[in-house]
Engineer: 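Attaching a single structure in C-alpha cells format; questions to follow.
Keep in mind that the numbers below use all heavy atoms, side chains included, and drop hydrogens, waters and symmetry copies. Convention: sequence-line order gives letters A, B, ...; per-chain numbering from 1.
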Number of protein chains: 2
Amino acid sequence: MGETGETGSSSTRPTIYDVARVAGVAPSTVSRAFSRPGRVNADTADRIRRVAHELGYRTSPIGRGLPDGRTALLAIVVADLTNPFFFEIIRSAEKTAIDSGYTLLVVDAHESRGAERLALERTLPLVEGVVLATSRLSDAAIRAVAKQRPTVVMNRVVTDVPSVVTDNAQGMRRAVEHLAGLGHTRLSYLAGPEASWADGMRWRAFREATQELGLRARRLGPFAPTLAGGLSAAQALTTHTATATVAYNDLVAIGTMRGLTRLGVEVPRDLSVVGFDNIFGSDFCTPPLTTVASPLRHFGTFAVQRLLNQLRAPSAAPSTGLSAPALLPAKLVERGSTARRA
Amino acid sequence: MGETGETGSSSTRPTIYDVARVAGVAPSTVSRAFSRPGRVNADTADRIRRVAHELGYRTSPIGRGLPDGRTALLAIVVADLTNPFFFEIIRSAEKTAIDSGYTLLVVDAHESRGAERLALERTLPLVEGVVLATSRLSDAAIRAVAKQRPTVVMNRVVTDVPSVVTDNAQGMRRAVEHLAGLGHTRLSYLAGPEASWADGMRWRAFREATQELGLRARRLGPFAPTLAGGLSAAQALTTHTATATVAYNDLVAIGTMRGLTRLGVEVPRDLSVVGFDNIFGSDFCTPPLTTVASPLRHFGTFAVQRLLNQLRAPSAAPSTGLSAPALLPAKLVERGSTARRA
DNA sequence: TTGAAAGCGCTAACAA
DNA sequence: TTGTTAGCGCTTTCAA
C-alpha cells in the first residue's frame with residue numbers, strides 16, 4: 001500500500017547514481033547540478049532537478065562533507081541550555097549563521113566538563129566552526145579545540161583564541177557604585193562556579209571596586225548558578241551583616257530573593273540584591289531585579305561573525321590580531337531589588 | 001615555533017592511515033582497534049592507541065557515518081528554544097540519550113515552518129533519529145521525515161508516527177472546572193499559533209468543557225506564543241466581558257498579566273488567568289500563575305526512549321502498534337492568578 | 001558542457 | 001589476529 005518508488009531497495013535513500021541513471025547522465029553531472037549550478041547546461045540541470053525531485057533525492061551532507069569537510073554546520077556549546085542567559089545569545093547567533101548560509105547546532109554541556117568534552121568530541125568533526133559559550137573547559141583544552149576547528153570563546157579570554165566578552169569590570173563597578181550611592185557600606189558577593197572565568201573576573205572587579213570606595217567586601221559561596229544555588233545563598237546571607245549583595249548571575253539573584261522571602265527577609269527593605277545578565281524573567285520576578293545588563297543580542301552575532309571571518313580567511317595564522325578579545329559594554333539596569341540602606 | 005608534527009601536511013587532521021603507517025599495521029586494524037576493541041590483539045591495540053594519541057588522531061564520525069550511517073547522534077527540533085516550556089524536555093531528553101550512548105543535537109525552528117524544514121534537511125542525514133517537539137510542519141511533511149529517519153513527535157498526533165502527547169483535554173477540563181468552581185461564567189481562550197496542533201486540541205477541549213458546564217466561551221487571537229503575544233492579548237481582553245481567561249500557554253498568560261497590569265486591570269481581582277505548561281518563571285511571576293502542568297521531565301525521556309526502541313528494532317514496520325500515541329497526564333497547579341469572581 | 005576515474009576517512013567482507 | 005580490497009555518497013581533477 002505504501003508509495004514505494006520503482007527503485008529496488010526501498011529502505012535506502014536515493015543517491016546521485018540513482019538520479020544519474022534515471023536522468024541519463026553521469027553522476028558527476030548530477031553532483032555539479034547541485035553543488036555549482038551554472039556549470040551545467042540549463043536544460044540538463046532542469047531535467048536532473050526534476051528527476052531528483054521525483055525520486056525524492058536529497059544531497060547528503062555526510063557524503064558531501066567527506067571530500068572537503070564542508071558541512072555548512074556550526075555549533076554553539078552552552079554551559080546550561082536552561083539558563084535564560086543564553087536565549088538571546090543563541091537566537092542572535094542562529095540568525096547570523098542562517099543569514100550566511102549556515103545551520104547552527106546547539107549543544108548543552110550541562111555545566112559539566114566531562115559532558116562538554118564528550119559533546120565536542122562528537123560534534124566537532126561534523127561542524128566547520130564552534131562557539132564556546134561560557135565553557136568550563138581548561139584553557140589548554142580550549143586551545144586544543146581551536147586547533148581542530150575555527151573557534152570563538154564567549155565570556156572568557158584564552159590566549160590565541162578569538163573571544164567576545166562583556167566588560168565585567170565596568171559592569172561590576174557600576175553595580176557597586178550604585179549600592180554605595182544608596183548608602184550601603186557592607187557588601188557581599190555570591191560566587192558562581194569555580195570553573196567559571198566570568199566568576200573570577202566579577203569577584204575580582206567586586207573586590208577592587210569595593211576597595212576603592214572604602215566598602216567592606218565579603219565573598220560567599222561558591223553556589224550553583226541556578227535558582228537552587230540562590231536558595232542556598234539566601235541561607236548563607238542570613239548569617240552575615242552585609243546590607244547589599246551582588247550575585248554571580250540573575251538566576252542566583254532571583255533564587256536568593258525567593259529564599260530570603262521564605263526566611264522572612266524583605267528585599268529590598270532588609271537587603272538589596274543586584275544580579276548579572278538581565279535575563280528573561282529578571283523584569284517580572286518580585287521585586288523586579290536590578291541587574292548588570294550585557295548586550296546579549298550582540299553577543300551571539302559578534303561571536304558568529306568572528307567565526308565566519310575565520311572560515312573565510314583560513315590563511316590567517318591562528319595568532320593574528322584577530323584574536324584580540326572583543327569587549328562588549330555593560331550597563332546597570334536599576335529596578336526594584338535595590339534601595340537606600342535602612 | 002608551532003609544535004607541528006612530523007607528518008607532512010600540518011593543516012589536515014591525522015587519519016587511520018597515518019596511525020597505521022606509524023604503528024606499522026594495516027588501516028583496517030586501526031579501525032578495528034577503535035570500533036570494536038577486543039577484536040584485536042591487546043598489545044597491538046595498545047600500540048595503536050598510543051600512536052593515535054601522539055598523533056592527535058580522532059575518529060571522524062563523518063567518515064564513520066558513511067558506510068552504515070551510524071553517527072551516535074540524535075536530534076530534537078523545538079519550535080522555539082527560548083520558550084521555557086522546552087527546558088525540562090530537552091534536559092531529560094539529553095540525559096536519556098547520553099545514558100544510551102547518544103549525543104543529542106538541539107535545533108531551533110524559530111516558530112517558522114521554513115526554518116524547520118531547512119534545519120531538518122541539513123540535520124537529518126547526520127542523525128540516526130529525530131524528535132519533533134511541537135513541530136509546525138504539515139502531517140505529510142512529518143511523515144516524510146519519518147520515512148527518512150526514526151521519528152517521534154511530541155504534542156501532536158500524526159498517523160503512523162509514534163508520538164508523546166499531554167492529555168490536553170483532561171488538563172483543559174480541570175482548568176475550566178476550576179474557574180467554574182470560582183463562580184466564573186464567561187470565559188475566553190487566548191489562542192496560540194494556527195499551525196499548532198496543541199492549540200487546536202486546547203481550544204476544542206475548552207469549547208467542549210465550557211459547553212458541558214453551561215458557560216459562555218469565546219476565542220480570542222491567534223496570538224504569538226510569547227510574552228509579546230500576551231501583551232496583545234491583554235489589549236484584546238479589555239474589550240470583552242469575560243471574567244476569566246485561559247491562555248494557550250504560560251508565556252502568553254504571563255505576558256497577558258503584565259499587559260493587564262499596565263492597563264490598570266488587576267489580576268486576579270478583575271480577571272482570573274490560567275496558563276498552560278507550568279514553565280520556568282510561572283511560579284515567580286506576579287501573581288504566581290495558576291496553570292495546567294504537564295510532566296515535562298517525562299516528556300523528553302519518553303520521546304527519546306521511543307526513538308531508541310525504533311533504532312533497536314528496525315525490523316518492526318513503521319505502522320506497528322508502536323505508533324500509538326503515549327498520553328501523559330496533566331494536572332492543575334493552583335496559584336495566585338485565579339480567584340473567586342468579583 | 002559532460003564523462004571517467006580517483007579519492008575523502010572509515011567499515012566490513014573475505015583471505016591469509 | 002591481521003591484511004587486502006571494495007565501497008559508502010559525494011566532489012573534483014582531467015580528458016573528451
Engineer: What are the two closest heavy atoms between B:Ala20 and B:Ala26, and how far apart are they?
Structural biologist: CB-C, 3.8 Å
Engineer: How sharply is the helix from C:dT1-D:dA16 to C:dA16-D:dT1 bent, taking the axes over five pairs at either end and rounding to 10 degrees?
Structural biologist: 30°
Engineer: Classify B:Tyr57 by what it touches in the nucleic acid, base, sugar-phosphate, or nothing, heavy-atom distance under 4.0 Å.
Structural biologist: sugar-phosphate
Engineer: Output the residues of residues 44-52 of chain B in contact with DNA chain D, where contact means a heavy atom of the residue under 4.0 Å from an atom of the strand; sort by number or write none.
Structural biologist: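 When residues 44-52 of chain B is checked for heavy atoms under 4.0 Å from DNA chain D, the hits, listed by number, are B:Thr44.
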Engineer: Hey, what do you get for CD (B:Gln305) to NE2 (B:His298), rounding to the nearest 0.5 Å?
Structural biologist: 11.0 Å
Engineer: Can you tell me how far C1' of C:dA6 sits from CD1 of A:Ile16, to the nearest Å?
Structural biologist: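 Roughly 14 Å, once rounded to whole Å.
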Engineer: Do any side-chain atoms of residues 27-38 of chain B form donor-acceptor pairs under 3.5 angstrom with protein atoms, and if so which ones, sequence neighbours left out?
Structural biologist:
unit_1, atom_1, unit_2, atom_2, d
B:Ser35, OG, B:Ser31, O, 2.8

Engineer: For a quick check of understanding: with a heavy-atom distance under 4.0 Å over all strands, which category does A:Val25 fall into, base, sugar-phosphate or nothing?
Structural biologist: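 Contact class for A:Val25: sugar-phosphate only.
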Engineer: Can you tell me if B:Phe85 has over 12 outside heavy atoms packed within less than 6.0 Å of its CZ?
Structural biologist: yes
Engineer: Extract all donor-acceptor atom pairs below 3.5 Å that involve side chains of residues 105-113 of chain B and protein atoms in other chains or at least two apart in sequence.
Structural biologist:
unit_1, atom_1, unit_2, atom_2, d
B:Asp108, OD1, B:Leu81, N, 3.4
B:Asp108, OD1, B:His110, N, 2.8
B:Asp108, OD2, A:Arg91, NE, 3.4
B:Asp108, OD2, B:Leu81, N, 3.4
B:His110, NE2, A:Glu94, OE1, 2.6
B:Glu111, OE1, B:Arg136, NE, 2.8
B:Glu111, OE1, B:Arg136, NH2, 3.0
B:Glu111, OE2, B:Arg136, NH2, 3.3
B:Ser112, OG, B:Gly114, N, 3.3
B:Ser112, OG, B:Ala115, N, 2.9
B:Arg113, NE, B:Arg136, O, 2.7
B:Arg113, NH2, B:Arg136, O, 3.0

Engineer: Side-chain N or O of B:Arg64 less than 4.0 angstrom from OP1 or OP2 on C:dT11?
Structural biologist: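 So the side chain of B:Arg64 is within the cut-off, an N or O lying under 4.0 Å from OP1 or OP2 of C:dT11.
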Engineer: Between the side chain of A:Ser100 and the main-chain N/O of A:Tyr102, is any donor-acceptor distance below 3.5 Å?
Structural biologist: no
Engineer: Using atom CZ of B:Arg21 as one end and atom P of C:dC10 as the other, report the distance to the nearest whole Å.
Structural biologist: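 That distance rounds to 13 Å.
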Engineer: Could you tell me the separation between the CD1 atom of B:Ile62 and the C1' atom of D:dT11, rounded to a whole number of Å?
Structural biologist: 12 Å
Engineer: Is there a donor and acceptor pair closer than 3.5 Å between the side chain of A:Tyr17 and the base of D:dC10?
Structural biologist: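 Checked by distance alone, the answer is yes.
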Engineer: Using a cut-off of under 3.5 Å, enumerate the N/O to N/O pairs linking the protein to nucleotides 12-14 of chain D.
Structural biologist:
unit_1, atom_1, unit_2, atom_2, d
D:dT12, OP2, A:Arg36, NH2, 2.5

Engineer: Look at the side chain of A:Asp99 and the backbone N and O of A:Thr96, then say whether any donor-acceptor pair between them is shorter than 3.5 Å.
Structural biologist: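 Absent.
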Engineer: Show me the side-chain donor-acceptor pairs of residues 150-158 of chain B shorter than 3.5 Å, one per line, residues at least two apart or across chains.
Structural biologist:
unit_1, atom_1, unit_2, atom_2, d
B:Thr151, OG1, B:Arg149, O, 2.7
B:Asn155, OD1, B:Thr166, OG1, 3.4
B:Arg156, NH1, B:Ser135, O, 2.9
B:Arg156, NH1, B:Leu137, O, 2.9
B:Arg156, NH2, B:Leu137, O, 2.5
B:Arg156, NH2, B:Asp139, OD1, 2.8

Engineer: Tell me, do A:Thr134 and A:Asn83 make a side-chain contact under 4.5 Å, heavy atoms counted?
Structural biologist: no
Engineer: Mind listing the closest non-hydrogen atom pair of B:Thr301 and B:Ser92 along with its distance?
Structural biologist: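 Result for this residue pair: OG1-CB, 3.4 Å.
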Engineer: Please state how far atom CG in A:Leu66 lies from atom P in C:dT11, giving the value in whole angstrom units.
Structural biologist: 12 Å
Engineer: Do B:Thr82 side-chain atoms and A:Phe87 backbone N/O form a donor-acceptor pair below 3.5 Å?
Structural biologist: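 Not a single qualifying donor-acceptor pair exists.
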Engineer: Which whole-number value in Å describes the distance from B:Arg39 CZ to D:dT1 C1'?
Structural biologist: 10 Å
Engineer: To the nearest angstrom, how far is B:Gln148 atom CD from D:dG9 atom P?
Structural biologist: 14 Å
